[in-house]
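The block underneath contains the structure these notes are about, expressed in C-alpha coordinates.
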Number of protein chains: 2
Amino acid sequence: MIMVNLGLPARVRLPQLICIARERNDMNKLTDYIKDGEKIAAPDGTLMFAPGDESRAFLIVTSGTVRVEQTNAAGRTVVLYRVKAGDSCVLTTTCLLSERPYSGFGYCEGEVRAIAIAPKTFRRLLQTDDVFQNLVFQGFAARVGELTDVIDDLLEHRTDLRLARWLADRADDPTEMKQSEIAQELGTAREVVSRTLKTFEDYGWITIGRGRVSVLDQGALRAHGQRGQM
Amino acid sequence: MIMVNLGLPARVRLPQLICIARERNDMNKLTDYIKDGEKIAAPDGTLMFAPGDESRAFLIVTSGTVRVEQTNAAGRTVVLYRVKAGDSCVLTTTCLLSERPYSGFGYCEGEVRAIAIAPKTFRRLLQTDDVFQNLVFQGFAARVGELTDVIDDLLEHRTDLRLARWLADRADDPTEMKQSEIAQELGTAREVVSRTLKTFEDYGWITIGRGRVSVLDQGALRAHGQRGQM
DNA sequence: CCCGCTAAAGTGACTTTGTCACAGATAGAC
DNA sequence: GTCTATCTGTGACAAAGTCACTTTAGCGGG
(Lines give C-alpha, C1' and ligand atoms only; values in the text may rest on other atoms or scores of the structure.)
Protein backbone atom coordinates (compact mmCIF):
# COMPACT_ATOMS: atom_id res chain seq x y z
CA MET A 1 0.00 0.00 0.00
CA ILE A 2 1.41 3.31 -1.06
CA MET A 3 0.42 5.92 1.51
CA VAL A 4 0.24 9.40 0.14
CA ASN A 5 0.67 11.83 2.98
CA LEU A 6 1.69 15.27 1.93
CA GLY A 7 -0.36 17.54 4.20
CA LEU A 8 -3.19 19.75 3.02
CA PRO A 9 -3.82 20.76 0.38
CA ALA A 10 -1.39 18.19 -0.90
CA ARG A 11 -1.16 17.07 -4.49
CA VAL A 12 -1.19 13.46 -5.55
CA ARG A 13 1.52 12.93 -8.12
CA LEU A 14 0.87 9.21 -8.31
CA PRO A 15 -1.70 7.62 -10.56
CA GLN A 16 -4.72 9.83 -10.33
CA LEU A 17 -8.24 9.11 -9.44
CA ILE A 18 -10.69 7.36 -11.64
CA CYS A 19 -13.44 5.20 -10.43
CA ILE A 20 -15.91 2.75 -11.80
CA ALA A 21 -19.60 2.44 -11.49
CA ARG A 22 -21.07 -0.48 -9.71
CA GLU A 23 -24.41 -2.03 -9.09
CA ARG A 24 -24.78 -3.09 -5.49
CA ASN A 25 -24.46 -6.74 -6.30
CA ASP A 26 -21.39 -6.14 -8.40
CA MET A 27 -19.35 -4.99 -5.42
CA ASN A 28 -17.74 -8.38 -5.04
CA LYS A 29 -16.72 -8.21 -8.64
CA LEU A 30 -14.56 -5.20 -7.79
CA THR A 31 -12.20 -7.41 -5.86
CA ASP A 32 -11.55 -9.35 -9.03
CA TYR A 33 -9.85 -6.32 -10.48
CA ILE A 34 -7.59 -5.75 -7.52
CA LYS A 35 -4.97 -8.09 -8.91
CA ASP A 36 -4.73 -5.84 -11.98
CA GLY A 37 -4.17 -2.72 -9.92
CA GLU A 38 -2.14 -1.16 -7.19
CA LYS A 39 -3.60 0.03 -3.90
CA ILE A 40 -3.21 3.69 -3.05
CA ALA A 41 -4.51 6.02 -0.37
CA ALA A 42 -4.73 9.76 0.15
CA PRO A 43 -5.64 11.76 3.28
CA ASP A 44 -8.57 14.12 3.75
CA GLY A 45 -8.32 17.28 1.71
CA THR A 46 -5.84 15.95 -0.82
CA LEU A 47 -6.06 17.59 -4.22
CA MET A 48 -6.41 14.59 -6.49
CA PHE A 49 -6.49 16.42 -9.78
CA ALA A 50 -6.71 19.93 -11.15
CA PRO A 51 -7.55 21.48 -14.50
CA GLY A 52 -4.87 20.64 -17.03
CA ASP A 53 -3.77 17.40 -15.38
CA GLU A 54 -3.83 14.21 -17.38
CA SER A 55 -5.22 10.92 -16.17
CA ARG A 56 -2.54 8.37 -15.59
CA ALA A 57 -4.63 5.59 -14.17
CA PHE A 58 -8.13 4.32 -13.69
CA LEU A 59 -8.95 4.14 -10.01
CA ILE A 60 -11.60 2.14 -8.24
CA VAL A 61 -12.43 3.98 -5.03
CA THR A 62 -12.95 1.59 -2.15
CA SER A 63 -13.49 4.09 0.66
CA GLY A 64 -13.83 7.82 1.17
CA THR A 65 -15.26 10.41 -1.20
CA VAL A 66 -13.83 12.67 -3.86
CA ARG A 67 -15.55 16.03 -4.33
CA VAL A 68 -15.36 17.21 -7.93
CA GLU A 69 -15.68 20.95 -8.45
CA GLN A 70 -15.64 23.29 -11.39
CA THR A 71 -14.25 26.80 -11.08
CA ASN A 72 -14.67 29.39 -13.81
CA ALA A 73 -12.29 32.14 -14.82
CA ALA A 74 -13.84 34.57 -12.35
CA GLY A 75 -13.18 32.17 -9.49
CA ARG A 76 -16.77 31.16 -8.87
CA THR A 77 -17.02 27.48 -7.96
CA VAL A 78 -19.74 24.85 -8.06
CA VAL A 79 -19.65 21.22 -6.88
CA LEU A 80 -20.36 18.93 -9.81
CA TYR A 81 -20.72 15.67 -7.90
CA ARG A 82 -19.13 13.40 -5.33
CA VAL A 83 -17.38 10.15 -6.16
CA LYS A 84 -18.14 7.62 -3.43
CA ALA A 85 -16.91 4.07 -3.01
CA GLY A 86 -17.74 2.30 -6.25
CA ASP A 87 -18.98 5.44 -7.98
CA SER A 88 -17.58 6.75 -11.22
CA CYS A 89 -16.06 10.07 -12.22
CA VAL A 90 -16.93 11.28 -15.71
CA LEU A 91 -14.15 13.77 -15.82
CA THR A 92 -11.59 11.11 -15.12
CA THR A 93 -13.08 8.52 -17.40
CA THR A 94 -13.34 11.19 -20.05
CA CYS A 95 -9.72 12.10 -19.59
CA LEU A 96 -8.61 8.52 -19.79
CA LEU A 97 -10.69 7.65 -22.82
CA SER A 98 -9.77 10.71 -24.79
CA GLU A 99 -6.42 11.66 -23.34
CA ARG A 100 -7.74 15.15 -22.64
CA PRO A 101 -6.75 16.93 -19.44
CA TYR A 102 -9.14 17.41 -16.52
CA SER A 103 -11.39 20.44 -16.49
CA GLY A 104 -12.17 20.50 -12.76
CA PHE A 105 -10.73 19.99 -9.30
CA GLY A 106 -10.97 16.81 -7.25
CA TYR A 107 -10.54 16.93 -3.48
CA CYS A 108 -10.60 14.05 -1.00
CA GLU A 109 -13.26 14.15 1.67
CA GLY A 110 -12.02 11.78 4.34
CA GLU A 111 -9.23 9.33 3.64
CA VAL A 112 -9.64 7.94 0.18
CA ARG A 113 -8.45 4.43 -0.62
CA ALA A 114 -8.46 3.20 -4.16
CA ILE A 115 -7.15 0.64 -6.59
CA ALA A 116 -5.22 2.09 -9.49
CA ILE A 117 -5.47 0.39 -12.87
CA ALA A 118 -3.13 1.38 -15.67
CA PRO A 119 -4.72 2.86 -18.82
CA LYS A 120 -3.62 -0.11 -20.90
CA THR A 121 -5.27 -2.55 -18.53
CA PHE A 122 -8.33 -0.32 -18.40
CA ARG A 123 -8.72 -0.43 -22.15
CA ARG A 124 -8.17 -4.18 -22.24
CA LEU A 125 -10.79 -4.79 -19.55
CA LEU A 126 -13.18 -2.46 -21.34
CA GLN A 127 -12.93 -4.56 -24.48
CA THR A 128 -12.80 -8.02 -22.99
CA ASP A 129 -14.87 -7.82 -19.85
CA ASP A 130 -18.61 -7.28 -20.27
CA VAL A 131 -19.19 -6.61 -16.60
CA PHE A 132 -16.39 -4.08 -16.43
CA GLN A 133 -17.66 -2.36 -19.57
CA ASN A 134 -21.11 -2.17 -18.11
CA LEU A 135 -19.84 -0.77 -14.83
CA VAL A 136 -17.95 1.99 -16.61
CA PHE A 137 -20.83 2.87 -18.88
CA GLN A 138 -23.46 2.87 -16.16
CA GLY A 139 -21.36 5.12 -14.01
CA PHE A 140 -20.52 7.32 -16.92
CA ALA A 141 -24.18 7.74 -17.75
CA ALA A 142 -25.08 8.46 -14.14
CA ARG A 143 -22.50 11.24 -13.96
CA VAL A 144 -23.60 12.85 -17.18
CA GLY A 145 -27.04 12.88 -15.60
CA GLU A 146 -25.63 14.69 -12.59
CA LEU A 147 -23.94 17.23 -14.85
CA THR A 148 -27.23 17.97 -16.55
CA ASP A 149 -28.81 18.26 -13.10
CA VAL A 150 -26.22 20.87 -12.17
CA ILE A 151 -27.05 22.77 -15.36
CA ASP A 152 -30.75 22.53 -14.51
CA ASP A 153 -30.01 23.91 -11.10
CA LEU A 154 -27.84 26.76 -12.35
CA LEU A 155 -30.62 27.81 -14.71
CA GLU A 156 -32.75 28.38 -11.64
CA HIS A 157 -31.70 31.78 -10.42
CA ARG A 158 -33.74 31.83 -7.23
CA THR A 159 -31.13 30.88 -4.69
CA ASP A 160 -33.70 30.51 -1.92
CA LEU A 161 -35.37 27.69 -3.85
CA ARG A 162 -32.11 25.97 -4.63
CA LEU A 163 -30.92 26.26 -1.06
CA ALA A 164 -34.23 24.98 0.30
CA ARG A 165 -34.02 21.92 -1.94
CA TRP A 166 -30.40 21.35 -1.04
CA LEU A 167 -31.15 21.51 2.67
CA ALA A 168 -34.21 19.28 2.35
CA ASP A 169 -32.11 16.68 0.53
CA ARG A 170 -29.67 16.43 3.38
CA ALA A 171 -32.04 16.92 6.28
CA ASP A 172 -31.02 13.66 7.95
CA ASP A 173 -27.83 14.71 9.66
CA PRO A 174 -27.16 18.32 10.74
CA THR A 175 -24.98 19.81 8.03
CA GLU A 176 -21.54 20.53 9.41
CA MET A 177 -20.44 23.07 6.87
CA LYS A 178 -19.41 26.68 6.75
CA GLN A 179 -21.77 28.98 4.88
CA SER A 180 -18.95 29.68 2.45
CA GLU A 181 -18.82 25.96 1.66
CA ILE A 182 -22.57 25.80 1.15
CA ALA A 183 -22.28 28.76 -1.23
CA GLN A 184 -19.64 26.81 -3.13
CA GLU A 185 -21.88 23.75 -3.35
CA LEU A 186 -24.53 25.84 -5.05
CA GLY A 187 -22.25 28.09 -7.05
CA THR A 188 -23.44 31.28 -5.37
CA ALA A 189 -22.08 33.90 -2.96
CA ARG A 190 -21.64 33.42 0.78
CA GLU A 191 -23.60 36.56 1.61
CA VAL A 192 -26.64 35.28 -0.24
CA VAL A 193 -26.47 32.01 1.70
CA SER A 194 -26.17 33.95 4.93
CA ARG A 195 -29.21 36.10 4.20
CA THR A 196 -31.29 33.21 2.90
CA LEU A 197 -30.50 30.95 5.84
CA LYS A 198 -31.50 33.80 8.13
CA THR A 199 -34.95 34.01 6.58
CA PHE A 200 -35.32 30.22 6.80
CA GLU A 201 -34.42 30.43 10.47
CA ASP A 202 -36.97 33.21 10.96
CA TYR A 203 -39.58 30.89 9.44
CA GLY A 204 -38.55 28.23 11.95
CA TRP A 205 -37.42 25.80 9.25
CA ILE A 206 -33.81 25.52 10.43
CA THR A 207 -31.44 26.51 13.20
CA ILE A 208 -28.08 28.03 12.38
CA GLY A 209 -24.84 27.57 14.28
CA ARG A 210 -21.26 28.40 13.51
CA GLY A 211 -20.30 25.90 10.85
CA ARG A 212 -23.60 24.08 11.22
CA VAL A 213 -27.16 24.11 9.88
CA SER A 214 -29.86 21.85 11.33
CA VAL A 215 -33.10 21.21 9.51
CA LEU A 216 -36.23 21.45 11.68
CA ASP A 217 -38.91 21.29 9.00
CA GLN A 218 -37.87 19.27 5.99
CA GLY A 219 -41.37 19.36 4.56
CA ALA A 220 -41.56 23.13 4.55
CA LEU A 221 -38.15 23.39 2.87
CA ARG A 222 -39.09 20.88 0.22
CA ALA A 223 -42.41 22.59 -0.43
CA HIS A 224 -40.66 25.93 -0.71
CA GLY A 225 -38.11 24.45 -3.09
CA GLN A 226 -40.92 23.10 -5.26
CA ARG A 227 -43.46 25.84 -5.34
CA GLY A 228 -41.36 28.85 -4.70
CA GLN A 229 -43.79 30.52 -2.35
CA MET A 230 -42.47 32.10 0.80
CA MET B 1 -34.55 5.82 -47.29
CA ILE B 2 -37.32 6.45 -44.81
CA MET B 3 -38.39 10.05 -45.10
CA VAL B 4 -39.86 11.47 -41.96
CA ASN B 5 -42.07 14.38 -42.86
CA LEU B 6 -44.52 15.30 -40.19
CA GLY B 7 -44.54 19.11 -40.27
CA LEU B 8 -43.14 21.31 -37.54
CA PRO B 9 -42.59 20.71 -34.77
CA ALA B 10 -43.00 17.09 -35.66
CA ARG B 11 -41.89 14.20 -33.54
CA VAL B 12 -39.71 11.41 -34.83
CA ARG B 13 -41.13 8.12 -33.66
CA LEU B 14 -38.57 6.13 -35.56
CA PRO B 15 -35.17 5.18 -34.24
CA GLN B 16 -33.91 8.26 -32.51
CA LEU B 17 -30.77 10.22 -32.89
CA ILE B 18 -27.41 9.17 -31.72
CA CYS B 19 -24.23 10.05 -33.40
CA ILE B 20 -20.63 9.09 -33.30
CA ALA B 21 -17.50 11.08 -32.99
CA ARG B 22 -15.09 11.14 -35.84
CA GLU B 23 -11.62 12.33 -36.53
CA ARG B 24 -11.44 14.05 -39.87
CA ASN B 25 -9.58 11.19 -41.52
CA ASP B 26 -12.03 8.66 -40.14
CA MET B 27 -14.90 10.05 -42.18
CA ASN B 28 -14.51 7.36 -44.79
CA LYS B 29 -14.77 4.80 -42.09
CA LEU B 30 -18.32 5.97 -41.43
CA THR B 31 -19.44 4.52 -44.71
CA ASP B 32 -18.32 1.11 -43.48
CA TYR B 33 -21.07 1.18 -40.91
CA ILE B 34 -23.82 2.05 -43.33
CA LYS B 35 -24.45 -1.59 -44.15
CA ASP B 36 -25.23 -2.18 -40.46
CA GLY B 37 -27.76 0.62 -40.33
CA GLU B 38 -30.79 2.11 -41.97
CA LYS B 39 -30.87 5.56 -43.55
CA ILE B 40 -33.34 8.06 -42.12
CA ALA B 41 -34.06 11.73 -42.61
CA ALA B 42 -35.99 14.42 -40.75
CA PRO B 43 -36.93 17.96 -41.83
CA ASP B 44 -35.89 21.22 -40.24
CA GLY B 45 -37.38 21.82 -36.82
CA THR B 46 -38.21 18.19 -36.11
CA LEU B 47 -38.22 17.29 -32.43
CA MET B 48 -35.88 14.32 -32.36
CA PHE B 49 -36.15 13.53 -28.68
CA ALA B 50 -37.57 14.97 -25.49
CA PRO B 51 -37.05 14.37 -21.79
CA GLY B 52 -38.32 10.93 -20.85
CA ASP B 53 -37.78 9.37 -24.26
CA GLU B 54 -35.63 6.29 -24.55
CA SER B 55 -32.98 5.76 -27.18
CA ARG B 56 -33.92 3.12 -29.66
CA ALA B 57 -31.00 3.40 -32.02
CA PHE B 58 -27.55 4.77 -32.44
CA LEU B 59 -27.50 7.29 -35.28
CA ILE B 60 -24.61 8.53 -37.34
CA VAL B 61 -25.52 11.99 -38.59
CA THR B 62 -24.41 12.52 -42.15
CA SER B 63 -25.85 15.98 -42.78
CA GLY B 64 -27.67 18.70 -40.89
CA THR B 65 -27.42 19.65 -37.23
CA VAL B 66 -29.26 18.69 -34.08
CA ARG B 67 -29.55 21.36 -31.41
CA VAL B 68 -29.64 19.84 -27.93
CA GLU B 69 -31.26 21.96 -25.23
CA GLN B 70 -31.97 21.61 -21.57
CA THR B 71 -35.04 23.19 -19.99
CA ASN B 72 -35.51 23.37 -16.25
CA ALA B 73 -38.73 23.17 -14.26
CA ALA B 74 -39.22 26.94 -14.45
CA GLY B 75 -39.07 26.81 -18.24
CA ARG B 76 -35.73 28.49 -18.65
CA THR B 77 -33.74 26.91 -21.48
CA VAL B 78 -30.08 26.71 -22.44
CA VAL B 79 -28.47 25.17 -25.51
CA LEU B 80 -26.07 22.43 -24.45
CA TYR B 81 -24.42 21.79 -27.81
CA ARG B 82 -25.03 21.07 -31.46
CA VAL B 83 -24.55 17.70 -33.10
CA LYS B 84 -23.11 18.18 -36.57
CA ALA B 85 -22.30 15.63 -39.23
CA GLY B 86 -20.03 13.10 -37.61
CA ASP B 87 -20.35 14.59 -34.14
CA SER B 88 -21.58 12.74 -31.13
CA CYS B 89 -24.38 13.35 -28.67
CA VAL B 90 -23.63 12.49 -25.04
CA LEU B 91 -27.23 12.44 -24.02
CA THR B 92 -28.04 9.88 -26.64
CA THR B 93 -24.98 7.76 -26.09
CA THR B 94 -25.67 7.96 -22.38
CA CYS B 95 -29.23 6.85 -22.91
CA LEU B 96 -28.19 4.00 -25.10
CA LEU B 97 -25.43 2.78 -22.82
CA SER B 98 -27.44 2.98 -19.66
CA GLU B 99 -30.99 2.62 -20.89
CA ARG B 100 -31.93 5.84 -19.13
CA PRO B 101 -34.31 8.29 -20.78
CA TYR B 102 -33.16 11.56 -22.30
CA SER B 103 -32.92 14.62 -20.10
CA GLY B 104 -33.05 17.27 -22.83
CA PHE B 105 -34.66 18.24 -26.11
CA GLY B 106 -33.17 17.67 -29.55
CA TYR B 107 -34.32 19.73 -32.53
CA CYS B 108 -33.22 19.47 -36.14
CA GLU B 109 -31.64 22.54 -37.66
CA GLY B 110 -31.91 22.02 -41.38
CA GLU B 111 -32.77 18.64 -42.83
CA VAL B 112 -30.97 15.96 -40.89
CA ARG B 113 -29.91 12.75 -42.56
CA ALA B 114 -28.54 9.91 -40.51
CA ILE B 115 -27.77 6.23 -40.38
CA ALA B 116 -29.56 4.36 -37.62
CA ILE B 117 -27.78 1.46 -35.95
CA ALA B 118 -29.66 -0.85 -33.62
CA PRO B 119 -28.54 -0.95 -29.98
CA LYS B 120 -27.43 -4.57 -30.32
CA THR B 121 -25.23 -3.74 -33.29
CA PHE B 122 -23.95 -0.71 -31.45
CA ARG B 123 -22.81 -2.79 -28.53
CA ARG B 124 -21.24 -5.39 -30.78
CA LEU B 125 -19.31 -2.76 -32.71
CA LEU B 126 -18.24 -1.14 -29.47
CA GLN B 127 -16.71 -4.40 -28.30
CA THR B 128 -15.26 -5.68 -31.53
CA ASP B 129 -14.28 -2.60 -33.46
CA ASP B 130 -11.40 -0.55 -32.08
CA VAL B 131 -12.00 2.35 -34.45
CA PHE B 132 -15.69 2.48 -33.63
CA GLN B 133 -14.94 2.35 -29.92
CA ASN B 134 -12.49 5.18 -30.27
CA LEU B 135 -14.94 7.28 -32.26
CA VAL B 136 -17.62 6.88 -29.64
CA PHE B 137 -15.29 7.63 -26.76
CA GLN B 138 -13.66 10.63 -28.39
CA GLY B 139 -17.01 12.14 -29.15
CA PHE B 140 -18.31 11.31 -25.73
CA ALA B 141 -15.36 13.03 -24.12
CA ALA B 142 -15.73 16.08 -26.33
CA ARG B 143 -19.38 16.48 -25.35
CA VAL B 144 -18.68 16.13 -21.65
CA GLY B 145 -16.19 18.91 -22.20
CA GLU B 146 -18.91 21.03 -23.76
CA LEU B 147 -21.22 20.33 -20.82
CA THR B 148 -18.56 21.53 -18.40
CA ASP B 149 -18.09 24.58 -20.63
CA VAL B 150 -21.80 25.33 -20.32
CA ILE B 151 -21.50 25.04 -16.54
CA ASP B 152 -18.50 27.35 -16.62
CA ASP B 153 -20.51 29.80 -18.63
CA LEU B 154 -23.56 29.66 -16.39
CA LEU B 155 -21.38 30.38 -13.38
CA GLU B 156 -20.54 33.68 -15.04
CA HIS B 157 -23.46 35.90 -14.20
CA ARG B 158 -22.41 38.90 -16.28
CA THR B 159 -24.58 38.45 -19.33
CA ASP B 160 -22.83 41.24 -21.21
CA LEU B 161 -19.57 39.28 -21.08
CA ARG B 162 -21.19 36.01 -22.11
CA LEU B 163 -23.07 37.68 -24.94
CA ALA B 164 -19.93 39.47 -26.14
CA ARG B 165 -18.04 36.17 -26.27
CA TRP B 166 -20.92 34.42 -27.98
CA LEU B 167 -21.13 37.11 -30.64
CA ALA B 168 -17.38 37.20 -31.15
CA ASP B 169 -17.35 33.42 -31.68
CA ARG B 170 -19.82 33.65 -34.53
CA ALA B 171 -18.72 36.93 -36.05
CA ASP B 172 -18.18 35.41 -39.50
CA ASP B 173 -21.72 35.36 -40.80
CA PRO B 174 -24.40 37.81 -39.63
CA THR B 175 -26.42 35.96 -37.01
CA GLU B 176 -29.94 35.36 -38.28
CA MET B 177 -31.66 34.81 -34.98
CA LYS B 178 -34.39 36.37 -32.92
CA GLN B 179 -33.28 37.93 -29.66
CA SER B 180 -35.45 35.42 -27.85
CA GLU B 181 -33.44 32.63 -29.48
CA ILE B 182 -30.16 34.25 -28.49
CA ALA B 183 -31.45 34.47 -24.92
CA GLN B 184 -32.21 30.77 -25.10
CA GLU B 185 -28.71 29.99 -26.34
CA LEU B 186 -27.28 31.66 -23.27
CA GLY B 187 -29.93 30.62 -20.80
CA THR B 188 -30.97 34.19 -19.98
CA ALA B 189 -33.96 36.49 -20.55
CA ARG B 190 -34.88 38.15 -23.81
CA GLU B 191 -35.08 41.59 -22.23
CA VAL B 192 -31.52 41.34 -20.99
CA VAL B 193 -30.34 40.40 -24.48
CA SER B 194 -32.29 43.32 -25.92
CA ARG B 195 -30.76 45.83 -23.52
CA THR B 196 -27.25 44.44 -23.83
CA LEU B 197 -27.33 44.37 -27.62
CA LYS B 198 -28.46 47.98 -27.53
CA THR B 199 -25.41 49.04 -25.55
CA PHE B 200 -23.15 47.05 -27.91
CA GLU B 201 -24.76 48.86 -30.83
CA ASP B 202 -24.21 52.21 -29.10
CA TYR B 203 -20.54 51.28 -28.80
CA GLY B 204 -20.49 50.59 -32.54
CA TRP B 205 -19.58 46.94 -32.09
CA ILE B 206 -22.67 45.54 -33.84
CA THR B 207 -25.71 46.50 -35.86
CA ILE B 208 -29.12 45.16 -34.94
CA GLY B 209 -31.95 44.27 -37.28
CA ARG B 210 -35.18 42.42 -36.82
CA GLY B 211 -34.09 38.81 -36.47
CA ARG B 212 -30.48 39.68 -37.22
CA VAL B 213 -27.29 40.82 -35.50
CA SER B 214 -24.17 41.74 -37.47
CA VAL B 215 -20.79 41.99 -35.83
CA LEU B 216 -18.78 45.08 -36.79
CA ASP B 217 -15.94 44.85 -34.30
CA GLN B 218 -15.12 41.28 -33.35
CA GLY B 219 -11.99 42.35 -31.51
CA ALA B 220 -13.82 44.74 -29.22
CA LEU B 221 -16.40 42.10 -28.39
CA ARG B 222 -13.76 39.51 -27.65
CA ALA B 223 -11.81 41.94 -25.51
CA HIS B 224 -14.94 42.87 -23.62
CA GLY B 225 -15.76 39.19 -23.11
CA GLN B 226 -12.30 38.59 -21.71
CA ARG B 227 -11.62 41.56 -19.53
CA GLY B 228 -15.09 42.62 -18.61
CA GLN B 229 -14.43 46.31 -18.98
CA MET B 230 -17.01 48.41 -20.71
C1' DC C 1 -50.83 50.68 -51.97
C1' DC C 2 -52.30 50.72 -47.59
C1' DC C 3 -54.59 48.56 -43.88
C1' DG C 4 -54.25 45.69 -40.18
C1' DC C 5 -52.47 41.68 -37.98
C1' DT C 6 -48.78 39.24 -35.78
C1' DA C 7 -44.52 38.64 -33.88
C1' DA C 8 -40.25 40.88 -32.55
C1' DA C 9 -38.05 44.29 -30.01
C1' DG C 10 -37.86 48.12 -26.61
C1' DT C 11 -38.86 50.04 -21.99
C1' DG C 12 -39.90 51.26 -17.22
C1' DA C 13 -40.63 49.66 -12.56
C1' DC C 14 -39.60 46.58 -9.36
C1' DT C 15 -37.42 42.24 -7.17
C1' DT C 16 -33.58 39.42 -6.49
C1' DT C 17 -28.80 38.30 -6.73
C1' DG C 18 -23.92 39.48 -6.75
C1' DT C 19 -20.29 42.35 -4.97
C1' DC C 20 -17.74 45.16 -1.89
C1' DA C 21 -16.52 46.73 2.34
C1' DC C 22 -17.03 46.38 6.72
C1' DA C 23 -18.72 45.23 11.56
C1' DG C 24 -19.94 41.73 14.89
C1' DA C 25 -19.50 37.19 16.95
C1' DT C 26 -17.40 32.81 18.17
C1' DA C 27 -14.00 29.14 18.92
C1' DG C 28 -9.60 27.89 20.17
C1' DA C 29 -4.83 28.99 21.57
C1' DC C 30 -1.98 30.81 24.98
C1' DG D 1 -9.35 35.80 30.48
C1' DT D 2 -7.71 37.77 26.37
C1' DC D 3 -6.22 37.57 21.66
C1' DT D 4 -6.64 36.24 17.19
C1' DA D 5 -8.18 34.02 13.19
C1' DT D 6 -12.15 32.93 11.02
C1' DC D 7 -16.87 32.68 10.35
C1' DT D 8 -21.13 35.28 10.00
C1' DG D 9 -24.22 39.42 9.45
C1' DT D 10 -25.31 43.74 7.04
C1' DG D 11 -25.78 47.91 4.34
C1' DA D 12 -25.17 49.98 -0.09
C1' DC D 13 -25.03 49.65 -4.71
C1' DA D 14 -24.67 47.44 -9.50
C1' DA D 15 -26.38 43.99 -12.47
C1' DA D 16 -29.74 40.62 -13.86
C1' DG D 17 -34.39 38.68 -13.90
C1' DT D 18 -39.34 39.47 -14.09
C1' DC D 19 -43.61 41.60 -15.30
C1' DA D 20 -46.46 44.35 -17.84
C1' DC D 21 -46.76 47.03 -21.32
C1' DT D 22 -45.71 49.91 -25.74
C1' DT D 23 -43.63 50.42 -30.12
C1' DT D 24 -42.09 48.81 -34.44
C1' DA D 25 -41.18 45.90 -38.42
C1' DG D 26 -42.68 42.69 -41.67
C1' DC D 27 -46.14 40.46 -44.22
C1' DG D 28 -50.50 39.17 -46.42
C1' DG D 29 -55.09 40.41 -48.08
C1' DG D 30 -57.98 43.38 -50.01
Side-chain angles (χ1 to χ4, degrees), chain A residues 8 45 71-78 153-167 174-202 206-214 224-225 227-230, chain B residues 8-9 45 71-78 152-167 174-202 206-214 224-225 227-230:
Chain A
L8 315 184
T71 302
N72 80 346
R76 163 119 336 153
T77 296
V78 68
D153 219 40
L154 288 174
L155 281 177
E156 167 72 77
H157 283 182
R158 300 241 343 237
T159 304
D160 59 328
L161 306 188
R162 308 216 290 126
L163 183 54
R165 286 197 291 267
W166 187 85
L167 286 169
T175 305
E176 299 287 343
M177 287 177 88
K178 292 179 284 190
Q179 296 184 358
S180 58
E181 289 171 334
I182 296 176
Q184 191 158 310
E185 292 281 328
L186 300 174
T188 184
R190 180 192 61 78
E191 295 91 323
V192 178
V193 171
S194 174
R195 280 192 274 257
T196 310
L197 287 177
K198 203 102 198 49
T199 68
F200 288 173
E201 191 176 41
D202 292 344
I206 60 172
T207 55
I208 308 174
R210 192 184 173 84
R212 178 189 53 74
V213 177
S214 303
H224 180 67
R227 300 190 315 246
Q229 286 134 15
M230 201 128 168
Chain B
L8 316 182
T71 302
N72 79 347
R76 162 115 342 146
T77 296
V78 69
D152 236 54
D153 218 40
L154 288 174
L155 282 177
E156 167 72 76
H157 285 180
R158 298 239 347 234
T159 306
D160 59 326
L161 306 189
R162 308 216 290 124
L163 184 54
R165 286 197 291 267
W166 186 86
L167 286 169
T175 304
E176 299 288 344
M177 288 178 87
K178 291 181 284 189
Q179 295 184 359
S180 58
E181 289 172 334
I182 297 176
Q184 191 158 310
E185 291 281 327
L186 299 173
T188 185
R190 180 190 61 77
E191 295 93 322
V192 178
V193 170
S194 172
R195 281 192 270 258
T196 310
L197 286 177
K198 202 105 199 50
T199 69
F200 288 173
E201 190 176 42
D202 291 346
I206 60 172
T207 54
I208 308 175
R210 193 182 173 85
R212 178 189 52 75
V213 177
S214 303
H224 180 67
R227 301 190 314 247
Q229 287 135 16
M230 199 129 168

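To find a chain, count down the sequence lines: A is the first, B the second, and so on, and within it residues start at 1. Basis for what follows: all heavy atoms, side chains included, without hydrogens, waters or symmetry-related copies.
Residues B/Arg76 and B/Thr71 form no side-chain contact, since every pair of their non-hydrogen atoms from C-beta on lies 4.5 Å or further apart. Put simply, the side chain of A/Glu156 reaches to within 4.5 Å of the side chain of A/Leu161, judged on heavy atoms.
When atom types are taken as modelled, the side chain of A/Glu201 and the backbone of A/Ile208 share a donor-acceptor pair closer than 3.5 angstrom. B/Arg162 places no side-chain N or O within 3.5 Å of a backbone atom of B/His157 that could act as its donor or acceptor partner.
Nearer the 5' end of DNA chain D, as judged by each residue's closest nucleotide, is the contact made by A/Ser194, out of A/Ser194 and B/Thr188. Nearer the 5' end of DNA chain D, as judged by each residue's closest nucleotide, is the contact made by B/Thr159, out of B/Arg210 and B/Thr159.
Annotation: side-chain hydrogen bond (donor to acceptor under 3.5 Å, both in side chains) contacts of B/Arg165 (sequence neighbours excluded): B/Asp153.
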field: Per-nucleotide pairing state of DNA chain D [Watson-Crick or G-U, under 3.5 Å; [ ] pseudoknot-crossing; | other strand]
entry: ||||||||||||||||||||||||||||||
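When all heavy atoms of A/Asp160 and A/Phe200 are compared, the closest pair comes out as O-CZ, 3.4 Å.
Listed by first and then second residue, the salt bridge (charged side-chain N to carboxylate O under 4.0 Å, His left out) pairs that reach into residues 184-193 of chain A are A/Arg82-A/Glu185, sequence neighbours excluded.
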Identify every side-chain donor-acceptor pair in residues 174-183 of chain A under 3.5 Å, counting partners at least two apart or on other chains, and give the distances.
from, atom 1, to, atom 2, distance (Å)
A/Glu181, OE1, A/Lys178, N, 3.1

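Atom CG of B/Leu186 is separated from atom OG1 of B/Thr196 by 9.5 Å, given to the nearest 0.5 angstrom. Distance check: A/Ile206 CD1 to A/Lys198 NZ gives 9.0 Å after rounding to the nearest 0.5 Å.
Here the range on DNA chain C touched by chain B, meaning any atom under 4.0 Å from one of its heavy atoms, is C/dA7 to C/dG18. The span of DNA chain D lying next to chain A, judged by atoms under 4.0 Å from heavy atoms, is bounded 5' to 3' by D/dT6 to D/dG17.
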